[in-house]
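What follows is a single structure, written as structure tokens, with notes after it.
Counting starts at 1 for both ligands and their atoms, following the listed order.
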Amino acid sequence: MGTKIQAVKGMNDLLPVEQKDFKLTASFWQAFEDTVSRWAGRFGYQQIRTPIVEQTGLFVRSIGEETDVVGKEMYTFADSNDKLSLSLRPEGTASCLRAVVEHNLLYNNPQKLWYMGPMFRRERPQKGRYRQFHQVGIEALGFEGPDIDAEIIAMSADLWKELGIRDYLTLEINSLGNREERAAHRAALVAYLSRYEDKLDEDSKRRLYTNPLRVLDSKNPDLQEICNAAPHLTDYLGESSRAHYQQFKAMLDGLNIDYIENPRLVRGLDYYNQTVFEWTTDKLGAQATVCGGGRYDGLIEELGGKPAPSIGFAMGVERLLLLVREYGKLAFQTAPDIYAVHQGEGAVLQVMKYAQALRSDGWRVLQHSGYQSLKTQMKKADASGARFALIVAQSELSDGTVTLKDMSGRHAQVTVDAALLSDTLEQWKNN
Ligand code: ATP
Ligand code: MG
């Protein structure tokens, strides 16, 4: 026997059953994906799927060289000809916009798009933080807002409600203003933080000059006081940014969506401006952010497209589903409706035919494979969780009948003409 090969650290299998340290099953996940595509459809958003691998330059240019994601978390490798640097995508927005620009989708036509799929970041794995994780994201491209800003918040709130976790999530918002406003704030921030340079940790010292806004994002408890008293970006907003933010907030008020204004909310990627937001929870320990997003009005132009104001968000599927599993609701069926049992020569073929007919009527039928005793097969039927057992043994085979057993005990076992099979099950199902 060869030695066993294990999955890569921080990358999970989705199994039919729960694992000790990873409670999400494939069917739970599938039910979520179904919910998501119905949800996106309700809002008129169209799905987009892009490759998992992109040229490294795409992420460097959009996410930013000095961010943690590009600076230390990407899986980057040379293509076989060594000339091209490729990376596994660490997030979805860059790829989505690359595709939109490449295929000219914005030509005379704003776009409301959604996507889902795996993302890759080399982080320290822990609960709610993985190296392959999944995001569902939406991007609204070519809209100035602030109505669309409010729409996508309402859209996310709608999903939380459907998943039964609305009460466990808090909306935090902020405005990052435009480029000039950020530059003015940045200068004030650097001046302020420089006064405390000897108190900053190594990460923050480095960021002070490369990406000072991100110092405000620091989770280091020793720096909280300094960060809280730092100049607020919102105090540097000009008239039009201020108006955008005010109208956005007024719409949230009008939609009865509560929020907290967090002047320190800056988001980890470079491309954001104006409206930014996060949905956070106190139920997942340190991995508190379930969904985050904001405006990135300059990004499409940065990627070679005609300028188009845009906004989007991405949610972490693992975090969201851990929350849903614990506190929310998501209906799905793993058990078959019917377990098909057979005994004796020729019975298996007959039962396969009945099973096939039932499936075309929409029933979920699990056919017993192999030739065990009736008793063993009925045990399997029980363990499968099926509501009904369909039994064809020699007597049924010879007189064209079937035996039906309601595993829930609500109806007495019957043997009926095969022509009545579907009707009987239909009746039983409804009471
Ligand atoms: P965090 O601060 O938790 O590292 P982030 O700001 O890096 O999050 P984004 O790039 O905004 O995350 O991605 C959007 C969402 O994707 C996050 O809010 C989170 O729910 C999820 N996410 C990000 N990184 C991971 C990861 N390594 N494992 C699982 N989910 C993740
Ligand atoms: Mg991160």
### Task
Decide whether an N or O pair under 3.5 Å exists between A314 and ligand 1.
no
### Query
Would one find an N or O of E278, backbone or side chain, under 3.5 Å from an N or O of ligand 1?
no
### Message
Would E318 count as a contact residue for ligand 1, given that I'm defining contact as a non-hydrogen atom of the residue lying under 4.0 Å from a ligand atom?
### Response
no
### Query
Is the shortest side-chain N to carboxylate O distance from E66 to R207 below 4.0 Å?
no
### Which of the ligand 1 atoms, numbered from 1, are nearer than 4.0 Å to a heavy atom of T289
17 (C), 18 (O), 19 (C), 20 (O)
### Query
Does ligand 1 have a heavy atom under 4.0 Å from the side chain of V290, from its backbone, from both, or from neither?
backbone
### Query
Which pairs pass salt bridge (Lys or Arg N to Asp or Glu O under 4.0 Å) with one or both residues in residues 325-337, sequence neighbours excluded?
E18-R325
### Query
Is any N or O atom of E123, backbone or side chain, closer than 3.5 Å to an N or O atom of ligand 1?
yes
### Query
Is R129 in polar range of ligand 1, meaning some N or O pair under 3.5 Å apart?
yes
### Residue among T289, V290, I165, T170 satisfying side chain to side chain contact (heavy atoms under 4.5 Å, CB included) with T281
V290
### Task
Would you please indicate yes or no on a ring centroid separation below 6.0 angstrom for Y45 and Y115?
no
### Query
So, F388 versus Y339, ring centres under 6.0 angstrom or not?
no
### Salt bridge flag under 4.0 Å for residues R42 and E162
yes
### Query
In terms of side-chain geometry, is the basic nitrogen of E123 or R131 positioned less than 4.0 Å from the acidic oxygen of its partner?
no
### Query
For ligand 1, which atoms have a heavy atom of R121 less than 4.0 angstrom away?
5 (P), 7 (O), 9 (P), 10 (O), 12 (O), 13 (O), 23 (C), 24 (N)
### Task
List every atom of ligand 1 that sits less than 4.0 Å from any heavy atom of G316, numbering the atoms from 1 in the order shown and giving each element.
15 (C), 16 (O), 20 (O), 21 (C)
### Task
Answer yes or no for Q135: is there a heavy-atom contact with ligand 1 below 4.0 Å?
yes
